[in-house]
Undergrad: 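Below is one structure. I have some questions about it.
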2 protein chains.
Amino acid sequence: MAVVRAGLSPERLTLAGAELADEAGFDQVTLSALARRFGVKPASLYAHVKNSHELKTRIALFALEELADRVADAVAGRAGKDALTAFANAYRDYARAYPGRYEAARYRLDPQTAAASAGVRHAQMTRAILRGYDLAEPDQTHAVRMLGSVFHGYAALEAAGAFDHTDVAAQQSWAWTLDCLDTALRCRSTPLTGSPTPGSKGHRQ
Amino acid sequence: MAVVRAGLSPERLTLAGAELADEAGFDQVTLSALARRFGVKPASLYAHVKNSHELKTRIALFALEELADRVADAVAGRAGKDALTAFANAYRDYARAYPGRYEAARYRLDPQTAAASAGVRHAQMTRAILRGYDLAEPDQTHAVRMLGSVFHGYAALEAAGAFDHTDVAAQQSWAWTLDCLDTALRCRSTPLTGSPTPGSKGHRQ
DNA sequence: GCGTTTGCCTATAGGTTGTAGGCAGACCCA
DNA sequence: TGGGTCTGCCTACAACCTATAGGCAAACGC
């Protein structure tokens, strides 16, 4: 019987796990299922990943990185509302195209792992977007959190099917929401002179 | 040996499951763990709940109901921004006080179960809040989704510890966000007369 | 008191996690 | 080319969770 090695590696396991997550859900990502996918016994995987938690952590880090790359691509060369929209769409599109990976990206990481993850790039890019809105600290931090909440919340609710029961397209609500955020952020901008009137267009860049 | 019946019932199992979720996380809610909590064998629970999925569904429905009750209490007799803040705080406070139940409330329900759940009350109450902002359809639906996204997103990110790394209190960002939402919604209101505020592109679908 | 129902039990099977140790092909070097 | 080592996947096993089937005794109705 020709014994052919499966060619396992942490990277291949991570990628296959991400694919499995997209197909069956992140909670279905198990070492047994992954072993079946490679035509291998479960115990063999322990030579490449320490345990189930490490595998999931690797998938989470991979997804965070991939998402950050896409967002970075999307916002390159854009500013203001244009950048906000590009960022938001890249985010939502990823969550829709790769639901399992997106779910993985929300896997709880221990603090130091999180600090070394692409999660920090996400925060940095969000701050970059906000440069177009002239927000001083701590308002900028507040805005980072608000945007993160909206993006994640929308993706999560949409994925959960929460928008399926009403006959209004999720796409339209998304556009409306982004428009609303842009307006709100411009209202909050701190122009060098003049009164902060609602709807002031004092954002540079 | 005095045989004392444990007094199991679907309701007691649901409540105990909710408590277990708050203590150890919703993913740790297992029939075995629940059986241990009652000093009973796992198989005994199958006389009261069909399987693990049904138990989790019951906990989810319970949490949705409980959360809806709290929100209803909070918004009673309030309107406008006052109501918005009360709604939002009731929501966030619940997520912080009962993280496991809140997680359970996001458990994926099949469509008809969801339609019969307290989830519809949540949507109705959100619409009630928005009566103070004079939004015509489909803007009202858009706003319902945006608010839901922010509330859920903020609770989820906060629970995940996403706000722990920056030295700005989550409470302040929360207040800022609510203020921002109030402003944005007022900008979007459709007064009987007067010019649309800058930033609104007359999106009436 | 008798029969039925209720409530939890034991026994059992299958699936997933994780550890320990074995074996053979692949690789390195002389 | 041959010998030694390393690598990669294996079997075996123990523990835990889910789920089903069937048993037994207390509780209940009359």
Side-chain angles (χ1 to χ4, degrees), chain A residues 1-62 100 103-104 107-110 113, chain B residues 1-62 100 103-104 107-110 113:
Chain A
M1 175 167 181
V3 175
V4 180
R5 297 203 169 173
L8 304 180
S9 73
E11 291 71 26
R12 287 198 64 189
L13 289 179
T14 303
L15 183 56
E19 291 168 358
L20 178 57
D22 289 330
E23 293 165 17
F26 187 58
D27 58 330
Q28 295 301 309
V29 174
T30 144
L31 287 171
S32 292
L34 212 51
R36 277 193 295 275
R37 179 167 283 233
F38 280 98
V40 140
K41 300 294 174 184
S44 303
L45 304 189
Y46 287 89
H48 305 277
V49 294
K50 208 168 79 217
N51 51 32
S52 181
H53 175 63
E54 190 191 279
L55 172 68
K56 288 175 182 169
T57 299
R58 280 180 182 275
I59 298 173
L61 293 174
F62 170 74
E103 211 179 331
Y107 187 66
R108 184 74 175 248
L109 304 175
D110 54 299
T113 305
Chain B
M1 173 171 180
V3 175
V4 179
R5 296 201 169 174
L8 304 180
S9 73
E11 291 71 25
R12 288 197 64 188
L13 289 179
T14 303
L15 182 57
E19 291 168 358
L20 178 57
D22 289 330
E23 293 165 17
F26 187 59
D27 58 328
Q28 295 301 309
V29 173
T30 138
L31 286 172
S32 292
L34 212 51
R36 276 194 294 276
R37 178 168 285 233
F38 280 97
V40 140
K41 300 293 174 184
S44 303
L45 304 189
Y46 287 89
H48 304 277
V49 293
K50 208 168 79 218
N51 52 33
S52 180
H53 175 63
E54 190 192 279
L55 172 68
K56 288 176 182 168
T57 299
R58 280 180 183 276
I59 298 174
L61 293 174
F62 170 75
E103 210 179 332
Y107 186 66
R108 184 74 175 249
L109 303 175
D110 53 300
T113 305

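Here the structure is a predicted model, which means the values were calculated and not measured.
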Undergrad: For DNA chain D, what are the stems built from at least three Watson-Crick or G-U pairs in a row, each pair having both distances below 3.5 Å?
TA: C:1-30 with D:1-30
Undergrad: Provide, to the nearest angstrom, the distance between the NZ atom belonging to B:Lys41 and the C1' atom belonging to C:dG7.
TA: 15 Å
Undergrad: Does A:Ala24 offer a backbone N or O that forms a donor-acceptor pair with the side chain of A:Gln28 under 3.5 Å?
TA: no
Undergrad: Report yes if some heavy atom in the side chain of A:Asp110 is under 4.5 Å from a heavy atom in the side chain of A:Thr57; otherwise report no.
TA: no
Undergrad: Classify the angle between the aromatic ring planes of A:Tyr107 and A:Phe26 as parallel (below 30°), tilted (30 to 60°) or perpendicular (above 60°).
TA: perpendicular
Undergrad: Working to the nearest 0.5 Å, report the span between CD of A:Glu54 and CG of A:Leu13.
TA: 10.0 Å
Undergrad: Which residues, if any, of residues 15-26 of chain A bring a heavy atom under 4.0 Å of DNA chain D?
TA: none
Undergrad: Give, for atom CG of A:Leu61 and atom CG of A:Leu109, the distance between the pair rounded to the nearest 0.5 Å.
TA: 5.5 Å
Undergrad: Within the structure, does a side-chain N or O atom of B:His48 lie under 4.0 Å from either OP1 or OP2 of C:dC8?
TA: yes
Undergrad: Checking side-chain contact (heavy atoms from CB on, under 4.5 Å) for the pair B:Leu31/B:Val49: CA distance, chi angles, key distance, verdict?
TA: CA-CA 10 Å; B:Leu31 286 172; B:Val49 293; 4.0 Å; yes
Undergrad: When you check every protein heavy atom under 4.0 Å of nucleotides 12-21 of chain D, what one-letter string (B, S, -) results, 5' to 3'?
TA: B----SBBB-
Undergrad: Rounding to a whole Å, what distance do you find between B:Asp27:CG and C:dT17:C1'?
TA: 15 Å
Undergrad: Nearest whole angstrom, please: distance from the C1' of C:dC9 to the CZ of B:Phe38.
TA: 17 Å
Undergrad: Restricting to non-hydrogen atoms, name the atom on B:Ala35 and the atom on B:Leu45 that form the minimum distance, rounded to 0.1 Å.
TA: N-CD1, 3.7 Å
Undergrad: So how far is it from B:His53 NE2 to B:Arg108 CZ, rounded to the nearest 0.5 Å?
TA: 11.0 Å
Undergrad: Could you give the distance from OG (A:Ser32) to CZ (A:Arg37), rounded to the nearest 0.5 Å?
TA: 13.5 Å
Undergrad: Between B:Arg12 and B:His48, is there a side-chain heavy-atom distance shorter than 4.5 Å?
TA: no
